[in-house]
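Step one of this worksheet: look at the structure below.
A note on names: the letters A, B, ... follow the listed sequences, proteins ahead of strands, and every chain is numbered from 1.
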2 protein chains.
Amino acid sequence: MKLTQAEWQIMNALWEKHPATARDIMTRLPQGVKWAYTTVKTMLSRLVEKEAVSEHKQANTSIYEPLVSQRKARLSAFRLLLDQSFNGAMGPLMHFLLQEQKLNDKQKKELIEILGNESEKAGEIK
Amino acid sequence: MKLTQAEWQIMNALWEKHPATARDIMTRLPQGVKWAYTTVKTMLSRLVEKEAVSEHKQANTSIYEPLVSQRKARLSAFRLLLDQSFNGAMGPLMHFLLQEQKLNDKQKKELIEILGNESEKAGEIK
DNA sequence: TGGCATCTTCGACATATGTAGTAGAATACT
DNA sequence: AGTATTCTACTACATATGTCGAAGATGCCA
């Protein structure tokens, strides 16, 4: 389930609060994103077609709900980035993150802690 | 500098070895990606237009080189993913990674080590 | 009940992306 | 030199994406 950038905007708004109407969603778009009502509707229709969102009518008005969880969506976006930009492996990404100082000290310490607790369970480098 | 998926394929091959001719690049594409020679050329032209790649002739044959570093490209791809799918913050991503067990034991330990060293250098570790 | 406010459904359109085929110029092989 | 190979420069085209506008159906308030 690959979402386009515009679709992510819609989904983000929908995950934030749902069920929701097209208008609800429109008002929850990031400030800066100023789409016409019909643009939102178009995106929603496409998402319904893709079965990423469900739609049901409540007296002439459509009520939408996510069918794809944010987790699933994030997983596929993440995997895509990994494959396309980091040789499909976590190693290069980790390296990159540290090199680029994407983590501040607090985050690093936090991460170390979480990692420490988790490191007994084996993971998967998919 | 946003690259499309197809463009990433080309760039990956180019970063791997450059300068390179279109044919060099073609042979370095991942097995599975079977593009016609002209497709590779088209992608290269577009990348040259975007100034992501430079081109110069050596007796009727074009020699290409990356103008955008892999690091820069990764940075913008990463930032895009973060903004679009993780509320633009590292926190949610870190959480996601741990939750999804994207790291195996070895990687976690490795990460802890690197983090440890980095943190000390930053003079922040408890 | 007459309208205005809202929705919905369709269609439209420009640009972006993925993928190639053609034809003619340059180069290389025999 | 003649021919086969390889390049380049263009053009083409289908699908994907981003953004609406128009017109008609419905709902709500004075």
Starting at [atom1] of [X] and ending at [atom2] of [N], how long is that distance when rounded to a whole Å?
{"X": "A:Lys57", "N": "D:dG27", "atom1": "NZ", "atom2": "C1'", "value": "14 Å"}
{"X": "A:Leu44", "N": "C:dT8", "atom1": "CG", "atom2": "C1'", "value": "12 Å"}
{"X": "B:Met26", "N": "D:dT6", "atom1": "CE", "atom2": "P", "value": "10 Å"}
{"X": "B:Lys41", "N": "C:dA25", "atom1": "NZ", "atom2": "C1'", "value": "13 Å"}
{"X": "B:Glu7", "N": "C:dT17", "atom1": "CD", "atom2": "C1'", "value": "8 Å"}
{"X": "A:Leu3", "N": "D:dA16", "atom1": "CG", "atom2": "P", "value": "15 Å"}
{"X": "A:Lys2", "N": "D:dA16", "atom1": "NZ", "atom2": "C1'", "value": "11 Å"}
{"X": "B:Trp35", "N": "C:dG18", "atom1": "CH2", "atom2": "P", "value": "7 Å"}

Between [X] and [N], does any side-chain N or O lie under 4.0 Å from OP1 or OP2?
{"X": "B:Thr39", "N": "C:dA20", "value": "yes"}
{"X": "B:Ser62", "N": "D:dT8", "value": "yes"}
{"X": "B:Tyr37", "N": "D:dT8", "value": "yes"}

### Least distance between heavy atoms, A:Met1 atom then A:Ala52 atom
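The pair with the smallest heavy-atom distance is SD-CB, 4.0 Å.
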### Task
Grab the two heavy atoms, one from B:Ala77 and one from B:Trp8, that are nearest each other, plus how far apart they are.
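Taking every non-hydrogen atom into account, CB-CZ2, 3.8 Å.
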### Message
So B:Tyr64 and B:Ile10, do their side chains get closer than 4.5 Å, heavy atoms only?
### Response
no
Sugar-phosphate only, base, or nothing, as touched by [X] at under 4.0 Å among non-hydrogen atoms:
{"X": "B:Ala59", "result": "sugar-phosphate"}
{"X": "A:Lys34", "result": "sugar-phosphate"}
{"X": "A:Thr4", "result": "sugar-phosphate"}
{"X": "B:Thr42", "result": "base"}

Quick one: side chains of residues 80-90 of chain B, donor-acceptor pairs under 3.5 Å with protein atoms, not counting sequence neighbours, listed by atom name and distance.
| from | atom 1 | to | atom 2 | distance (Å) |
| --- | --- | --- | --- | --- |
| B:Asp83 | OD1 | B:Arg79 | NH1 | 2.9 |

### Distance-only donor-acceptor check, side chains B:Ser54 and B:Glu65, under 3.5 Å
no
### Task
Take B:Asn60 and A:Glu55, find for each the nucleotide of DNA chain C with the closest heavy atom, and name the residue whose nucleotide sits nearer the 5' end.
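Per heavy-atom nearest nucleotide, the more 5' residue is A:Glu55.
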Among [options], which is the nearest nucleotide to the side chain of [X]?
{"X": "A:Arg46", "options": "D:dT8, D:dT17, C:dG18", "value": "D:dT17"}
{"X": "A:Thr61", "options": "D:dT8, C:dT8, C:dA20", "value": "C:dT8"}
{"X": "B:Arg23", "options": "C:dT9, D:dT6, D:dA9", "value": "D:dT6"}

